[in-house]
K.L.:
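There's a structure below that I have some questions on.
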2 protein chains.
Amino acid sequence: MDSVFKALSDPHRRDILKILKKGDLSVGEIATHFDFTGATLSHHLDILKRANLVVTERRGQFIFYSLNTSVLEDVLLSFSSFFSQ
Amino acid sequence: MDSVFKALSDPHRRDILKILKKGDLSVGEIATHFDFTGATLSHHLDILKRANLVVTERRGQFIFYSLNTSVLEDVLLSFSSFFSQ
DNA sequence: CTAATATTTAGACATTCTTCTAATTATCGA
DNA sequence: TCGATAATTAGAAGAATGTCTAAATATTAG
């Protein structure tokens with residue numbers, strides 16, 4: 001759970017998750033939304049992946065990232081019980 | 001919202017919130033749950049306060065901290081819409 | 001096979017974060 | 001009022017974080 005909170009603590013990473021809500025995107029497509037380098041984006045994606053918030057799938061030259069919806073639901077439940085109850 | 005995510009990114013601060021769920025506590029009482037110094041605790045409490053996650057009230061010598069429940073509910077709602085929809 | 005494109009990895013640097021000790025402020029009890 | 005207790009503030013040190021450039025890896029097209 002720690003890695004999830006850490007992952008969500010950066011605004012750029014939260015933006016990435018929001019962008020992925022609309023559908024899977026390749027790294028290059030995600031990159032068009034930001035000003036920093038590909039290396040930096042790669043680093044953010046790695047942190048999201050380690051937190052299990054996203055999953056990847058290679059399709060030819062491209063690597064597509066998508067939300068790991070089941071984990072996101074778990075996270076939300078976890079948040080609920082964290083705050084209430 | 002950024003300050004909230006930042007505040008929640010530290011495990012000790014999340015522990016503090018959990019402890020406060022049981023009821024208001026003075027700084028000294030909160031301190032009994034942790035190993036670090038009072039100065040460090042004070043710093044964590046300051047971050048939680050700036051994020052509006054807790055509120056304070058002086059009672060004589062003591063300063064009591066309690067959860068800012070209305071903001072916590074907002075945060076949870078915000079999280080929900082962040083993940084779903 | 002080679003060149004081009006997509007992405008990640010390595011290494012460096014500046015900033016931010018967590019923690020500490022020491023000093024300061026606030027309040028109470030005698 | 002003074003000393004003791006409670007909490008915060010100031011300043012410093014080391015670790016972690018976000019970012020960059022350059023190099024490496026993977027895949028496709030010709």
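Per chain, numbering begins at 1; letters A, B, ... match sequence-line order.
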K.L.:
Could you tell me the boundaries of the chain B footprint on DNA chain D, defined by atoms under 4.0 Å from its heavy atoms?
P.N.:
dT5(D) to dT9(D)
K.L.:
Taking the basic N atoms (NZ, or NE/NH1/NH2) and the acidic carboxylate oxygens, is any pair closer than 4.0 Å for R14(B) and D10(B)?
P.N.:
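No.
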K.L.:
Return the CG to CG distance between L53(B) and L67(B), rounded to the nearest 0.5 Å.
P.N.:
8.5 Å
K.L.:
To the nearest 0.5 Å, what is the distance between OG (S9(B)) and CG (L8(A))?
P.N.:
10.0 Å
K.L.:
Using a cut-off of 4.0 Å on non-hydrogen atoms, how would the nucleic acid contact of K6(B) be classed: base, sugar-phosphate, or nothing?
P.N.:
sugar-phosphate
K.L.:
Please write out each protein N/O paired with an N/O of nucleotides 3-5 of chain C under 3.5 Å, distance rounded to 0.1 Å.
P.N.:
none

K.L.:
When we call it a touch if two heavy atoms are under 4.0 Å apart, what does Y65(B) touch: a base, just sugar-phosphate, or nothing?
P.N.:
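The residue Y65(B) makes sugar-phosphate contact but no base contact.
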K.L.:
Checking S42(A) side chain against A39(A) main chain: does a donor-acceptor pair fall under 3.5 Å?
P.N.:
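No, because the side chain of S42(A) does not come within donor-acceptor range (under 3.5 Å) of the backbone of A39(A).
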K.L.:
Under 4.0 Å: is that the gap between some side-chain N or O of R58(A) and OP1 or OP2 of dA6(C)?
P.N.:
no
K.L.:
Ignoring hydrogens and geometry, is there a side-chain-to-backbone donor-acceptor pair from E29(A) to S26(A) under 3.5 Å?
P.N.:
yes
K.L.:
Run the numbers on T56(B) and K49(B) for side chain to side chain contact (heavy atoms under 4.5 Å, CB included), then give the verdict.
P.N.:
CA-CA 8 Å; T56(B) 61; K49(B) 196 172 175 181; 2.9 Å; yes
K.L.:
Atom CD1 of I63(B) and atom P of dT25(C): how far apart are they, to the nearest Å?
P.N.:
15 Å
K.L.:
Can you tell me how far CG of N68(B) sits from CD of E73(B), rounded to the nearest 0.5 angstrom?
P.N.:
10.0 Å
K.L.:
Please work out which residues in residues 34-46 of chain B have a non-hydrogen atom less than 4.0 Å from an atom of DNA chain C and list them by number.
P.N.:
F36(B), T37(B), A39(B), T40(B), H43(B), H44(B)
K.L.:
Going by the side-chain contact (heavy atoms from CB on, under 4.5 Å) test, name the single residue among D24(A), V55(A), I16(A), V54(A) that passes it with Y65(A).
P.N.:
V54(A)
K.L.:
Answer yes or no: is there a side-chain heavy-atom contact under 4.5 Å between V4(A) and N52(A)?
P.N.:
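The answer is no; the side chains never approach within 4.5 Å.
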K.L.:
Between H12(B) (NE2) and dC17(C) (C1'), how many Å, whole number?
P.N.:
13 Å
K.L.:
Are H44(A) and F34(A) an aromatic pair, judged by ring center distance below 6.0 Å?
P.N.:
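No.
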K.L.:
Strictly below 4.0 Å, N to O, side chains only: are R13(A) and D46(A) in salt-bridge contact?
P.N.:
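The answer is no: the pair does not qualify as a salt bridge.
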